[in-house]
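For reference, the structure I am asking about is given below.
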Amino acid sequence: MASPDGKHRRSGTNGEAKPPDSKKLKLSALITDEEIQSEFSHHNASVARINNGSFGSCPQSVISAQQRWQLRFLRQPDSFYVNDLKPGVLESREAIRSIINADDVSEVSIVDNATTAAAIVLQQMAWAFAEGRFEKGDVAVMLHYAYGAVKKSMEAYVTRAGGRVVEVQLPFPVKSNEEIITEFKLALERGKLKGQRIRLAVIDHVTSMPSVVIPVKELVKICREEGVDQVFVDAAHGIGCVDVDMKEIGADFYASNLHKWFFCPPSAAFLYCRKSAKFSDLHHPVVSHEYGNGLAIESTWIGTRDYSSQLVVPSVVEFVNRFRGGIEGIKKRNHEVVVWMGKMLAESWGTSLGCPPDMCSSMIMVGLPSCLGIMSERDTLKLRTHLRDCFRVEVPIYYRAPKEGEIDPVTGYARISHQVYNKPEDYERFRDAIKKLVGDNFTCASLSA
């Protein structure tokens, strides 16, 4: 199949385009530091952008590929729809299937984002209640630190339909995977107290705020042992950030954004659905002409819109394969550098990290000096705005409520990210900004609402 610029990529045995093999790239093809900065030259150079985790980043070469797809549609929409859209999305799905080690491309759908993927999974649960297959009070389990939009989806699709939601209470700061596993088992026990069945467990792979890598393989195994019907791993920060292998993880559903850590333009995500007859009734929440043809095909056409972000996955594969080790090498280096920068900040401020290094990904939580007076979530928003406006630092802040009896507790944590475009100066600017605030006897109470 022709790429959006009319050039033909290498074909596999089935005639589909095949991404280049990173192992065959010559050393001279590896991207240079100057080329990396050029790829991200559209970023605002005056801002220390250490928040890749929120919206991701997209290199210029991928943006250019996206624009070519957009123009191809605008030049001749009918031809694009008939000849290009479905084959192009299939090529993206096949690239994702290979990366995540899924059995079949039919198990991979491309949707807007992980929130849409969660709606697809939870929607089927609402239907099960409505059709009498689930009993009122049957349970769905999720982490207390689940993403806010997923919590709202639980409310909309599960609680409203008659289900009961049990939250896993996780500690933070966290010291070990065993703490998480223990709390997860306790939540499953609470779910079964009244003799009801646990129909679904929603498990984050990397929690958003606070950011911690969850031992998903162990938790999925526990779900199987405890008779949980279905397991959905919400991995908004999955592909490009942590190890993503469908056979090793073993979940029924797994969703990950492609625009956060995999360099796609916003917005795009994949939803993996393990091939099984009991999952055949999954549908996209936006019903259009492809309804009933399977989730992957339904998701390929949900009405007239811009599908270009879903079509550039082969271009992203080409981009990441310019780095030593491809996406695996990028992920490893991001982790190593963010740990290094996190330790530097904590040492400078006299604080500590929110979890051990092996429980963080390309993001890490760093304690902020308690003298800043972070006393509420509102304070975190005010401080974040102050850092943005006065110091040109973009970083999210997390509020941790103090425990009873704690003396001089750390109540504020910064979530720093590292991506290929970041430089040590970005973190040094953040370090110096906090040290200046401390030196000026600044507190959040001094900021207007």
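Fair warning: this is a prediction, and the values are worked out from it, not measured in the lab. For the numbers below, each heavy atom of this structure counts, side chains included, while hydrogens, waters and symmetry mates do not.
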Are Met341 and Ile416 close enough, and set up right, to give a side chain to side chain contact (heavy atoms under 4.5 Å, CB included), and what steps lead you there? CA-CA 9 Å; Met341 292 295 104; Ile416 63 169; 4.2 Å; yes

Quick one: salt bridge (Lys or Arg N to Asp or Glu O under 4.0 Å) pairs with a partner in residues 201-214, sequence neighbours left out? none

Worked verdict on His259 versus Phe55 for ring-ring contact (aromatic ring centres under 6.0 Å, His included): CA-CA 7 Å; His259 55 263; Phe55 298 103; 8.4 Å; no

Would Arg305 pass as a cation-pi partner of Tyr307, given that its NZ or CZ must be under 6.0 Å from the six-membered ring centre and within 45 degrees of the axis?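 Yes; both conditions hold, so Arg305 lies above the ring face of Tyr307.
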
Any cation-pi pair here, Arg429 with Phe391, using under 6.0 Å and within 45°?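 So Arg429 doesn't make the cation-pi contact.
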
Find out whether Glu226 and Phe184 are in side-chain contact, i.e. whether some heavy atom of one side chain is under 4.5 Å from a heavy atom of the other.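 The answer is no; the side chains never approach within 4.5 Å.
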
If only atom types and distance count, is the side chain of Glu298 paired as donor or acceptor with the main-chain N or O of His284 below 3.5 Å?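 Yes: the side chain of Glu298 pairs with the backbone of His284.
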
Could you check whether the rings of Tyr398 and Tyr145 sit parallel, tilted or perpendicular, using 30° and 60° as the cut-offs? perpendicular

Is there a side-chain contact between Ser309 and Gln66, using heavy atoms and a 4.5 Å cut-off?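 Yes, at least one pair of side-chain atoms sits under 4.5 Å.
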
Please state whether the rings of Trp261 and His237 are parallel, tilted or perpendicular, taking 30° and 60° as the class boundaries.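 Plane angle between 30° and 60°, so tilted.
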
Pairs touching residues 325-378 that satisfy ring pair (Phe, Tyr, Trp, His ring centres under 6.0 Å), sequence neighbours left out: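 Sorted pair list: Trp349-Phe430.
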
For Arg224, check side chain to side chain contact (heavy atoms under 4.5 Å, CB included) against everything at least two apart and list the hits. Val220, Val231, Asp252, Arg274

Would you call Arg97 and Asp103 a salt bridge, using N to O less than 4.0 angstrom? no

Can you list the steps and then say if Leu437 with Leu383 is a side chain to side chain contact (heavy atoms under 4.5 Å, CB included)? CA-CA 10 Å; Leu437 292 177; Leu383 178 58; 4.1 Å; yes

Side-chain ion pair, Arg322 and Glu39, N-O less than 4.0 Å: yes

